[in-house]
Amino acid sequence: NNQISGMVPKEMRKLNKLHSLNLSYTDISGPFFEGIEGLCDLESLQLIGCPNITSISENIKYLQKLSMLRVSGSISKRINCSLPSTIGECKALREIEFAWANAENEIPRSIGALSNLTYLNLYNANYKGSIPVEISNCHNLKVLDLQENNLSGGLPTQIGKMNSLRQIILMKNHLTGDIPKSLLDNKTLWSRCWAMVMYGNNFNNCYIPAPQFTVKGYYGNTINSES
């Protein structure tokens with residue numbers, strides 16, 4: 001929340017003992033940033049409300065201690081970049097938030113390599129294509145928030161087997177087909193999951209789970225109930 005502008009100085013690569021870097025709500029611009037691999041001890045990187053960033057270096061893969069990554073534009077101006085394909089090499093990542101963006105490509109499949117990931121929020125990032133089945137390899141994932149993107153195709157069956165999930169938020173995409181039976185029949189998941197929001201898609205031919213489960217957030221789809 002300072003009046004910092006311009007590109008991040010390359011000299012910052014020398015801060016090899018830095019643990020946390022928060023440049024949120026500033027006017028930093030350009031690619032972020034050549035020399036990022038020099039911040040080898042970085043654990044938290046926050047660039048929230050920084051719409052003038054044009055790319056995130058693929059060298060982020062060298063940040064092997066990074067556990068939190070939060071990057072976003074703003075309501076009035078989106079960030080014109082996407083998560084790098086090397087994001088899956090940041091093995092310590094536990095939280096990813098990437099929002100208010102014009103990604104306009106597919107969600108990196110390498111995310112599935114992040115076994116420590118508990119929180120994935122790609123809200124309103126303009127991602128397209130299908131939901132990567134590789135996400136189901138994130139066995140510790142508790143929050144899966146992909147709302148308000150341009151995702152299409154079906155919901156991978158493997159998602160329904162992720163018993164770690166507590167929130168599944170997929171509203172306002174272009175998803176089609178049946179909500180997987182593996183999800184609707186998973187009593188362990190339903191007993192732990194307190195938010196499942198899927199309205200604003202084109203799901204169909206799905207049955208409602210047993211009466212003991214509370215189902216919310218399905219409106220705006222074509223849903224058929226079966227006994």
Could you state the interatomic distance from [atom1] ([X]) to [atom2] ([Y]), rounded to the nearest 0.5 Å?
X	Y	atom1	atom2	answer
Cys90	Leu83	SG	CG	10.0 Å
Ile96	Leu93	CD1	CG	5.0 Å
Glu104	Asn80	CD	CG	8.0 Å
Ile168	Leu155	CD1	CG	7.5 Å

For [X] and [Y], work out which heavy atoms get closest and say how close.
X	Y	value
Asn186	Gly160	ND2-O, 2.8 Å
Ser182	Thr157	OG-O, 2.7 Å
Trp190	Leu183	NE1-O, 2.9 Å
Ser24	Cys50	CA-SG, 4.0 Å
Pro84	Pro108	O-CG, 4.1 Å

Does one hydrophobic cluster hold both [X] and [Y], with members joined at side-chain heavy-atom distances below 4.5 Å?
X	Y	answer
Val133	Met162	no
Val71	Met12	yes
Leu151	Val143	no
Leu15	Ile36	yes
Leu47	Leu69	yes

So, do [X] and [Y] sit near enough that their side-chain heavy atoms are less than 4.5 Å apart?
X	Y	answer
Ile79	Ser72	no
Met198	Ile179	yes
Cys138	Ile111	yes
Met68	Glu95	yes
Asn163	Arg192	yes
Cys81	Thr54	no
Ile56	Phe98	yes
Ser110	Ile87	yes

Salt bridge (Lys or Arg N to Asp or Glu O under 4.0 Å) involving Lys142 - partner list, sequence neighbours excluded: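 Salt bridge (Lys or Arg N to Asp or Glu O under 4.0 Å) list for Lys142, sorted by chain: empty.
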The criterion is salt bridge (Lys or Arg N to Asp or Glu O under 4.0 Å); which residues satisfy it with Arg109, sequence neighbours excluded?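 Listed in chain order: Glu134.
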Applying side chain to side chain contact (heavy atoms under 4.5 Å, CB included), run through Tyr25 and Ile48 and close with a yes or a no. CA-CA 6 Å; Tyr25 306 107; Ile48 301 169; 3.3 Å; yes
Expected output: side-chain [X] to main-chain [Y] donor-acceptor under 3.5 Å:
X	Y	value
Asn202	Asn204	no
Asn59	Glu37	no
Ser29	Asn52	no
Ser152	His174	no
Ser164	Leu141	yes
Asn149	Tyr127	yes

Under the rule for side chain to side chain donor-acceptor pair (under 3.5 Å), what residues qualify as partners of Ser76, not counting sequence neighbours?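 Here the qualifying residues are Ser74.
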Which pairs count as salt bridge (charged side-chain N to carboxylate O under 4.0 Å, His left out) when at least one residue sits in residues 153-166, sequence neighbours excluded?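 Output for this query is empty, none listed.
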Contacts table for residues 113-124: side-chain donor-acceptor under 3.5 angstrom, sequence neighbours left out:
residue	atom	partner	partner atom	Å
Asn116	ND2	Lys91	O	3.0
Thr118	OG1	Arg94	O	3.1
Tyr119	OH	Asn121	ND2	3.1
Asn121	OD1	Tyr123	N	3.0
Asn124	OD1	Arg78	NH1	3.0
Asn124	OD1	Arg78	NH2	2.4
Asn124	ND2	Glu148	OE1	3.3

Between Asn201 and Asn173, does the side chain to side chain donor-acceptor pair (under 3.5 Å) criterion hold? Intermediate values first, please. CA-CA 5 Å; Asn201 288 288; Asn173 279 284; 4.7 Å; no
Check against side chain to side chain contact (heavy atoms under 4.5 Å, CB included), Ile107 and Ile131: CA-CA 7 Å; Ile107 297 171; Ile131 296 175; 5.6 Å; no
Does a side chain donor of either Ser82 or Asn105 reach within less than 3.5 Å of an acceptor in the other side chain?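 Short answer, yes.
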Cut-off 3.5 Å, no hydrogens considered: what does the side-chain donor-acceptor table look like for residues 38-46, sequence neighbours left out?
residue	atom	partner	partner atom	Å
Asp41	OD1	Lys65	NZ	2.8
Glu43	OE2	His19	ND1	3.4

Decide side chain to side chain contact (heavy atoms under 4.5 Å, CB included) for Thr176 and Phe203; before the verdict, give the C-alpha distance in whole Å, the side-chain angles of both, and the deciding distance to 0.1 Å. CA-CA 5 Å; Thr176 58; Phe203 291 121; over 6 Å; no
Can Asn22 and Arg70 be said to form a side chain to side chain contact (heavy atoms under 4.5 Å, CB included), step by step? CA-CA 9 Å; Asn22 188 344; Arg70 296 182 182 271; over 6 Å; no
